[in-house]
Every structure is written in C-alpha cells, then in structure tokens.
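Positions are given from 1, in the same order as the sequence printed here.
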Amino acid sequence: MRETKKDLRIVRTKKFLYEALIVLLKEKPFEEIKVSDICEQALINRSTFYAHYSDKYDLLDSFIKDVKLSLKEELEKNKNITNTKEYYLEMLRIFFLHVDMRKDFYSAIIVNNQNSIVTDMIFSALNEEIQKRIEEDRDLLKKKIPSDIVVSFYLGAVFNIGIDWLKNPSKYTTEELISYLEELLPDVL
C-alpha cells in the first residue's frame, strides 16, 4: 500500500510539472524558462524537481517521450482497418484527436516555441505507423511506389494541416478537416 502512495505522488508531481511547463511555454520561449519558474508555477520545491529531473531539458524530454508514447498507443488502435483510404483517414482522426486533447501542449511547444524536437517526435511516431502499414499493404507493394514517397506524402499532409489547425483552432473543426481530407485522398493508392 505504501508503494502505491509513492507512485501516485510521483505521477502527481510529474503532472504538476508538465502543466507548469505548458503554462510557462505559452508565456515565453523555453530558453528563458528557469527551473525556479517551473517549481514556482507547479508549487513544488526545487529539491522535489531535482529528485525527478536533472534539469529543465530532462523535464521537456520526459514530457515529449510521454506524449510520443501516448500517440503511438493511440495509433496502434488503427491496425484492424484493411481499406487504405479508411486506414489513413482513421489515422488522421486519431492524430487530430490526440492533438486536440493536448492542444495546450502542442500549441505552446510548436506554435509559440517552434520546437523541432516535438516536430521530430510527431514525424517519428507517424513515420513508424505509416512504415508498418506499407510493409503490410500487399496492394501498395505491388504498385512499387517507393515507401519514402508514400511516407513523405502523408506526413507532409498531416503535419502541415495539423500546424495550420493549431495556429487557427477556430477555423475548422476536426470533422471538417477529416471530411476535406476524405475528398482529397484517392480511393486507391
């Protein structure tokens, strides 16, 4: 029972630190944020911070890894769809829902801070998902479309639309974006 309390405290501390980091990233660039700012915002002592992280970069790295793991787990739910167009539309729905549920994070880190680490994290997670799909898609393999072309096509579309959506969140709803993409995507690759 004591072990559970310790785990809950660690989870709660991480949550407070992540939330504090997001608030601060909305206000100023990451480079200007100090550990003391994070601790003050999270209402924790510096010693508590350093018990979990070596510095603010370690905190950011941990946060990004947690977000990437969450995205990869959500994308895994899409593996049962066999139709290529439906697969990619569902991947987009999952991605946009993931971003929507973490809009503060993505907006603060990508739009306000233009952090390439997060861009790389998104590309990596989506790239792995698309690569797996290509390896399993026998029809696509028969067409001999190079996988890097397919990956670049979908990653570019998803990422650029996602960034525009984060910059102008009230311009389109998630479902509107999906319906537009449904019109743009070919029925068969």
- Query: Any side-chain heavy-atom pair from Ile161 and Tyr180 closer than 4.5 angstrom?
  - Reply: no
Across all chains, not counting sequence neighbours, the salt bridge (Lys or Arg N to Asp or Glu O under 4.0 Å) partners of Arg46 are none
Return yes if a side-chain donor-acceptor contact under 3.5 Å exists between Ser70 and Glu74, otherwise no.
-> yes
Nearest heavy-atom contact between Lys28 and Asp37 is NZ-OD2, 3.3 Å
| query | Are Met91 and Leu75 side-chain neighbours, meaning at least one heavy-atom pair lies under 4.5 Å? | reply | yes
Mind checking whether Ile178 and Tyr172 have side chains closer than 4.5 Å, heavy atoms only?
no
Quiz item: Between Lys72 and Glu76, does at least one N-O distance fall below 4.0 Å, as a salt bridge requires?
Solution: no
- Item | Sub-4.5 Å side-chain heavy-atom contact between Phe49 and Thr13 | no
Side chain Glu176, main chain Thr173, donor-acceptor under 3.5 Å: yes
Val35 side chain reached by Tyr53 side chain, heavy atoms, under 4.5 Å
no
Is any side-chain heavy atom of Val99 closer than 4.5 Å to a side-chain heavy atom of Trp165? yes
In short, salt bridge (charged side-chain N to carboxylate O under 4.0 Å, His left out) pairs touching residues 47-60 with sequence neighbours left out are none
Classify the angle between the aromatic ring planes of Phe95 and His98 as parallel (below 30°), tilted (30 to 60°) or perpendicular (above 60°). parallel
With distance as the sole test, does Asp61 use its side chain to make a donor-acceptor pair with the main-chain N or O of Tyr57 at under 3.5 Å?
no
Those residues at least two apart in sequence (or on a different chain) that pass side-chain hydrogen bond (donor to acceptor under 3.5 Å, both in side chains) with Tyr18 are Ser62, Asp66
- Common cluster, Val67/Val23, ILVMFWY with side-chain heavy-atom separation under 4.5 Å: no
Checklist entry - So does Lys65 have more than 12 non-hydrogen atoms from other groups sitting under 6.0 Å from NZ? => result no
Exercise. Just wondering, do Glu19 and Lys15 contact through their side chains at under 4.5 Å, heavy atoms?
Worked result: yes
Quiz item: Is there a side-chain contact between Arg12 and Leu8 (heavy atoms, below 4.5 Å)?
Solution: no
Rounded to the nearest 0.5 Å, the OG atom of Ser179 sits from the CG atom of Leu184 at a distance of 9.5 Å
When every non-hydrogen atom of Ile38 is compared with those of Ala20, the smallest separation belongs to O-CB, 3.6 Å
